[in-house]
Amino acid sequence: MKVTSFILLAIFSILTGCTKKEPTRSSGIDTIDNITYFSSTTTYYNYGFLFSGAKLVATTATPGPDITIYVNVDNVTPRLTLQTNNLNPSFFKVGDYADATTAQAAFDGLKTVSATQWQDMADPLNDNQVWIYKSGNNNYTKIRIVSTINETRQSVPYGECTFQWIYQPDGSSTFPAK
């Protein structure tokens, strides 16, 4: 009886001690904005998106976000840009499309990175665009701009971008099929 109890206790301990780790997603639809927060350590920060972690992360985090959104007010008409902090030209615009259906078809049809001229930022950022992002580690993400908001809220320029993305975690320049 003691042996049976011990075996059952050992099996129960093993089963309850195991946790299943869910894999990090490598695609999705997410939204970022340019809202600035203030921490208790007197630091200002925003949230951007980290493709390798598939989540929003603060600009003060390590690792920080791959992309953040910025409202450029240097022009008569403010415009949205996606920016990165990896000190490399990291964006390539595949194209601007007339509508969501055409942009989705271009996004789905994009299987290989064949960029020639990388830009420092995705500028200007508009609905129905397809971009390629190259991280500092040379991992690629294709991005379809689903929607943008570019307006003034409480006397402050506000920018928001909803995007569909597929991340290529192995560093190859070929995206997996759906």
Side-chain angles (χ1 to χ4, degrees), residues 19-73 78-94 97 100 103-104 106-108 110 113 115 118-172 175-176 178:
T19 57
K20 181 179 178 183
K21 183 179 179 193
E22 294 294 323
T24 302
R25 64 189 172 110
S26 60
S27 64
I29 296 177
D30 290 276
T31 301
I32 57 175
D33 60 41
N34 72 326
I35 295 174
T36 301
Y37 300 90
F38 185 71
S39 74
S40 61
T41 60
T42 66
T43 302
Y44 290 96
Y45 63 96
N46 302 66
Y47 282 94
F49 197 79
L50 178 65
F51 293 111
S52 62
K55 62 184 177 180
L56 292 174
V57 296
T59 52
T60 55
T62 303
D66 288 316
I67 60 171
T68 56
I69 191 165
Y70 176 73
V71 181
N72 184 340
V73 294
R79 66 183 192 273
L80 298 177
T81 64
L82 285 181
Q83 300 192 353
T84 186
N85 196 22
N86 67 23
L87 306 176
N88 295 312
S90 299
F91 296 96
F92 176 77
K93 183 164 58 169
V94 175
Y97 301 93
Q104 184 70 58
F107 179 81
D108 292 342
L110 180 61
V113 174
W118 294 95
Q119 299 173 216
D120 291 331
M121 60 186 103
D123 179 27
L125 193 66
N126 294 303
D127 296 3
N128 304 318
Q129 291 177 326
V130 175
W131 291 86
I132 297 171
Y133 167 75
K134 178 173 65 170
S135 74
N137 297 329
N138 292 321
N139 290 17
Y140 297 97
T141 304
K142 65 178 179 176
I143 303 169
R144 179 178 68 93
I145 307 303
V146 175
S147 65
T148 58
I149 297 173
N150 184 3
E151 62 190 23
T152 300
R153 292 187 180 177
Q154 300 173 347
S155 302
V156 176
Y158 174 78
E160 181 179 292
C161 177
T162 299
F163 56 96
Q164 179 182 11
W165 58 277
I166 296 179
Y167 173 66
Q168 185 57 300
D170 66 8
S172 74
F175 293 101
K178 275 180 133 181

* Asked: What pairs with K93 under side-chain contact (heavy atoms from CB on, under 4.5 Å), at least two apart in sequence or on another chain?
  -> D96, Q119, Q129, W131
* To do: For D30, look at atom CG and say whether over 12 heavy atoms of other residues, nucleotides or ligands are found less than 6.0 Å away.
  => yes
* Could you tell me which residues satisfy side chain to side chain donor-acceptor pair (under 3.5 Å) with S27, sequence neighbours excluded, listed by chain and number? => none
* Listed by chain and number, what are the ring-ring contact (aromatic ring centres under 6.0 Å, His included) partners of F51, not counting sequence neighbours? -> F49, Y133, W165
* Asked: Where do T68 and I32 land on the side-chain contact (heavy atoms from CB on, under 4.5 Å) test, with the steps shown first?
  -> CA-CA 7 Å; T68 56; I32 57 175; 5.5 Å; no
* Tell me, please, which residues at least two apart from Y37 pass side-chain contact (heavy atoms from CB on, under 4.5 Å). => I35, Y45, Y47
* Asked: Hey, mind stepping through V130 and L110 against side-chain contact (heavy atoms from CB on, under 4.5 Å) and telling me if it holds?
  -> CA-CA 9 Å; V130 175; L110 180 61; 4.2 Å; yes
* To do: Applying side chain to side chain donor-acceptor pair (under 3.5 Å), run through N34 and Y70 and close with a yes or a no.
  => CA-CA 6 Å; N34 72 326; Y70 176 73; over 6 Å; no
* Asked: If you count the non-hydrogen atoms of other residues, nucleotides and ligands that lie under 6.0 Å from OH in Y44, is the total more than 12?
  -> no
* Those residues that, when tested against F92, pass ring-ring contact (aromatic ring centres under 6.0 Å, His included) (two or more places apart) -> none
* Asked: Cation-pi between K134 and Y140: NZ/CZ under 6.0 Å from ring centre and within 45° of the ring axis?
  -> no
* **D170 side chain vs S172 backbone, donor-acceptor pair below 3.5 Å** => yes
Result block: side-chain N/O donor-acceptor pairs under 3.5 angstrom for residues 151-163, not counting sequence neighbours:
residue : atom : partner : partner atom : Å
E151    : OE2  : R153    : NE           : 2.6
E151    : OE2  : R153    : NH2          : 2.9
Y158    : OH   : E160    : OE1          : 2.4
T162    : OG1  : T31     : OG1          : 2.8

* Taking only residues two or more places apart in sequence, or in another chain, which ones meet S39 in a side chain to side chain donor-acceptor pair (under 3.5 Å)? -> T41
* Contacts of type side-chain contact (heavy atoms from CB on, under 4.5 Å), residue P63, not counting sequence neighbours -> L50
* Grab the two heavy atoms, one from A58 and one from P65, that are nearest each other, plus how far apart they are. => O-CD, 3.5 Å
* Could you tell me the separation between the CG atom of N137 and the OG atom of S52, rounded to the nearest 0.5 Å? => 8.0 Å
* Asked: Do F91 and D123 come within less than 4.5 Å of each other through their side chains, counting heavy atoms only?
  -> no
* Asked: Residues in side chain to side chain donor-acceptor pair (under 3.5 Å) with Q83, at least two apart?
  -> T81
* **Separation of T141 OG1 from D66 CG (nearest 0.5 Å)** => 6.5 Å
* Asked: With D120, which residues qualify under salt bridge (charged side-chain N to carboxylate O under 4.0 Å, His left out), at least two apart?
  -> none
* Taking atom CG of N72 and atom CG of L125, what is their separation to the nearest 0.5 Å? -> 12.0 Å
* How many angstroms lie between CD1 in I145 and CG in N128, if you round to the nearest 0.5 Å? -> 9.5 Å
* Structure fact -> Sorted by chain and residue number, the side chain to side chain donor-acceptor pair (under 3.5 Å) partners of T148 (sequence neighbours excluded) come out as D127
* Looking at residues at least two apart in the chain, or sitting in another chain, which of them share a side-chain contact (heavy atoms from CB on, under 4.5 Å) with N88? -> N86, S90
* Enter the distance from Q168:CD to K142:NZ here, rounded to the nearest 0.5 Å. => 10.0 Å
